[in-house]
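Step one of this worksheet: look at the structure below.
Below, all heavy atoms of this structure are taken into account, side chains as well, without hydrogens, waters or symmetry copies. None of these values were measured; they are calculated from a predicted model.
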Amino acid sequence: MTEAPRDSDERTERSLNFIEQIVDEDIAAGKNGGRVHTRFPPEPNGYLHIGHAKSICLNFGLADEYGGQTNLRFDDTNPVTEDTEYVDSIKNDVRWLGFDWENEFYASDYFEQIYQFAETLIQKGLAYVDDSTAEEISAQKGTPTEPGRLNQYRDRSVAENLDLFRRMRAGDYPDSAKVLRAKVDMASPNMQLRDPIIYRIKHAHHHRTGDAWCIYPMYDFAHGQSDAIEHITHSLCTLEFEVHRPLYEWFIQQLELFPSRQIEFARLNLTYTVMSKRKLKQLVEEKHVSGWDDPRMPTIAGIRRRGYTPASIREFCDRIGIAKRDNLIDVGLLEFCIREELNRTAPRLMAVLDEKPLKLVITNYDLGREEIMHIENNPEDPSAGVRDVPFSREVYIERDDFMENPPKKFFRLFPGGMVRLKGAYIIKCEEVVKDNAGEIIELRCTYIPESRSGSDTSGINVKGTIHWVSVPHAVEAEVRLYDRLFSVENPAADERDFKELINPNSLETVRAFVEPALVAATRSGSLTNVQFMRKGYFILDADSTDALPVFNRTATLKDGWAKEQKKG
RNA sequence: UGCCCGAUCGUCUAAGGGUAGGACGACAGAUUUUGGUUCUGUUUGUGGAGGUUCGAAUCCUUCUCGGGCAACCA
């Protein structure tokens, strides 16, 4: 059940990623009776980001493709970092992305079962209680090139281990006094197998189980077990868990559990941003951004507030593919995905984004005269209709749309030059008015009465069309222009601290004058994505007030003129 | 340097013994009342060296490079 089903026709047309190939093979081999059951397993200790979206689309998409199911499972085994605030935001974000989970589970639902698994391991002589300190355990673990050492606790009897472990559960010991370890192989070349800790004592309040427990299983002793309990067929995770897979399978084997199959894929990296939860949290806590939902953040909440749509994110996740090699995706691809959608769907409007817009006075247009222009809402979609746009003797235009000494190929306005005011008339710039400081304060123009849009009999062809807003009808707004949060492509690979790499110009707030229809449309309720003609895609922000609407720039339009200029 | 994983256009991603293809980007042109969109075209790639084979991106060996693993985090 998702908004983005993949039908079988599409499936045969496109190539399969390596995970789909594995699933195909598993089905062909008759595993699990052809059943496909995945899960999305976030830890509720932070907000979801675009990297999680990749995982969500993968897990839900795969189940959907094979007629299977996906569970939402919170990996909540560390009560000190987890919180219901995160649980709620995660559920909200997954739903917003367009996915519905089959079951909502929590690793904490299984604490009793997992505890019993631990006792089973002890009974089989495959786990022991260790009184060593964290430092001692670390030291005894060895290094990647030297084997670990065995300690005296490793030889405790089953009875003693059982007694000790039960007393750990009963709360007889303070935090960190003892741990339960799996007895695997202290000399294994795989560090994960050197008697990993599977239970630790934490007298901490858990967001779901409250104070029922003072011992909590570690990831390795909870994740695979949870997969098994839920009969997950394919357990998809990121590459860093690859070395955990032998342990994952060891537990399954020793405990004789349902054999879920863990498959690892490369996590998403995006240019000009960071994806680590720790760093994102730091940006929020140290106020480098306004919050988890700051529109510059790569979080789902931030991207949503920025104006991205669920479909555009799904499209992005589809396009980046699934593989095992490390990758750094050009954020331009994300922008392409939202432009592609919004070009089709976003109503066009006119807004002049300028602290000091240029006033243009049409000297041969009667004082006090007004006309209503009917301008198409979306040239890509005739069914979007037209809207009324008031026109008058004085209009604002962008300062960038006028140049006193234009270079070659400048199609906009200049002294003696002509342009069309979008949806209205062709005008000619007759005079430039400056103040004492030499700054242009006004353009005096004439219009061609026969050139009215839609009934143009003037026969005049102009190269440029610019947008405008009638001065007496203009509504003031605040517009937030966002740019990449970091000034280097790959902050994670830089030697400098990532906070030194923050782009100081990632947010520019400007005053804008917008056409009245815009305010009416956006105030009517839904946060609709719009295009400010020639400027980009924007969305109304929740910070808006009745007095001052606020718009976030989702993405710019491609700017061929800027490119032309760069060429020199 | 112990173990594991990986390496294909600038960036992603296909091809799994039989013509290296797609997307994004870039470049050029056409269209355009958004320097947007759309359309057309162009450019660029199998990390190195050996081997197997009629034939290798694909299989083998080796080298190089990149990533991961030594939390009572996940």
| message | Before you tell me yes or no, could you show the steps for A:Phe74 and A:Tyr86 under ring-ring contact (aromatic ring centres under 6.0 Å, His included), namely the whole-Å CA-CA distance, both residues' side-chain angles and the distance that decides it to 0.1 Å? | response | CA-CA 10 Å; A:Phe74 290 94; A:Tyr86 300 122; over 10 Å; no

Touch class at under 4.0 angstrom, heavy-atom based, for [X] against every strand present:
{"X": "A:His467", "answer": "nothing"}
{"X": "A:Lys558", "answer": "sugar-phosphate"}
{"X": "A:Asp75", "answer": "sugar-phosphate"}
{"X": "A:Gln21", "answer": "sugar-phosphate"}
{"X": "A:Phe410", "answer": "base"}
{"X": "A:Phe241", "answer": "base"}
{"X": "A:Gly464", "answer": "nothing"}
{"X": "A:Glu43", "answer": "sugar-phosphate"}
{"X": "A:Arg344", "answer": "nothing"}
{"X": "A:Phe336", "answer": "sugar-phosphate"}
{"X": "A:Pro379", "answer": "base"}
{"X": "A:Gln531", "answer": "base"}
{"X": "A:Thr81", "answer": "nothing"}
{"X": "A:Leu328", "answer": "sugar-phosphate"}

query: Given the rule in the ring-ring contact (aromatic ring centres under 6.0 Å, His included) test, do A:Tyr216 and A:Phe111 qualify, once you have shown the distances and angles that lead to the verdict?
result: CA-CA 8 Å; A:Tyr216 293 93; A:Phe111 278 173; 5.6 Å; yes

[N] versus [M] - spacing of their [atom1] atoms, nearest Å:
{"N": "B:U52", "M": "B:G10", "atom1": "C1'", "answer": "35 Å"}
{"N": "B:U32", "M": "B:C39", "atom1": "P", "answer": "16 Å"}
{"N": "B:U64", "M": "B:C73", "atom1": "C1'", "answer": "34 Å"}
{"N": "B:C63", "M": "B:C3", "atom1": "P", "answer": "12 Å"}
{"N": "B:U62", "M": "B:A20", "atom1": "C1'", "answer": "25 Å"}
{"N": "B:A49", "M": "B:U19", "atom1": "C1'", "answer": "27 Å"}
{"N": "B:G6", "M": "B:U13", "atom1": "C1'", "answer": "15 Å"}
{"N": "B:U31", "M": "B:G36", "atom1": "C1'", "answer": "13 Å"}

Notebook entry, point to check: To the nearest Å, how far apart are A:Glu489 CD and B:G10 P?
Noted result: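 Value for this atom pair: 14 Å.
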
Whole-Å distance between B:U11 P and A:Asn327 CG?
->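 Result: 12 Å.
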
Under 3.5 Å for both donor-acceptor distances, Watson-Crick or wobble: does [N] have a partner, and if so which one?
{"N": "B:A7", "answer": "B:U64"}
{"N": "B:G25", "answer": "none"}
{"N": "B:G36", "answer": "none"}
{"N": "B:U58", "answer": "none"}
{"N": "B:C69", "answer": "B:G2"}

Check for me whether the distance between the ring centres of A:Tyr153 and A:Tyr128 falls short of 6.0 Å.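 Not under 6.0 Å, so no.
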
Between the side-chain atoms of [X] and the base atoms of [N], is any donor-acceptor pair under 3.5 Å?
{"X": "A:Glu242", "N": "B:G6", "result": "no"}
{"X": "A:Arg534", "N": "B:G35", "result": "no"}
{"X": "A:Ser453", "N": "B:U33", "result": "yes"}
{"X": "A:Arg348", "N": "B:U37", "result": "no"}

Exercise for review: Give the ring-plane orientation class for A:Phe221 versus A:Phe251, where under 30° counts as parallel, over 60° as perpendicular and anything between as tilted.
Suggested key: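 A:Phe221 vs A:Phe251 ring planes: perpendicular.
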
Can you figure out which of B:C72, B:U34, B:A74 approaches the side chain of A:Met533 most closely?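 That would be B:U34.
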
Please indicate yes or no: is the ring centre of A:Trp561 less than 5.5 Å from the centre of the six-membered base ring of B:G35, with the two planes inclined by under 30 degrees?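 Yes, A:Trp561 stacks on the base of B:G35, since the ring centres sit under 5.5 Å apart and the planes are within 30°.
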
Does A:Lys178 reach the side chain of A:Ile201, with side-chain heavy atoms less than 4.5 Å apart?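 Side-chain contact under 4.5 Å: yes.
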
Practice problem: Assess whether side chain to side chain donor-acceptor pair (under 3.5 Å) is satisfied between A:Gln262 and A:Tyr248, documenting all intermediate values. | Solution: CA-CA 8 Å; A:Gln262 175 177 306; A:Tyr248 182 103; 5.3 Å; no

Trace of the ring-ring contact (aromatic ring centres under 6.0 Å, His included) decision for A:Tyr447 with A:Tyr425: CA-CA 6 Å; A:Tyr447 84 111; A:Tyr425 297 99; 4.7 Å; yes

Steps toward ring-ring contact (aromatic ring centres under 6.0 Å, His included) verdict (A:Trp468, A:Phe391): CA-CA 9 Å; A:Trp468 51 275; A:Phe391 181 80; 5.2 Å; yes

Original post:
Hey, which of these two, A:Met191 or A:Asn343, hits RNA chain B nearer its 5' end, going by closest nucleotide?
Top reply: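 The residue closer to the strand's 5' end, by nearest nucleotide, is A:Asn343.
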
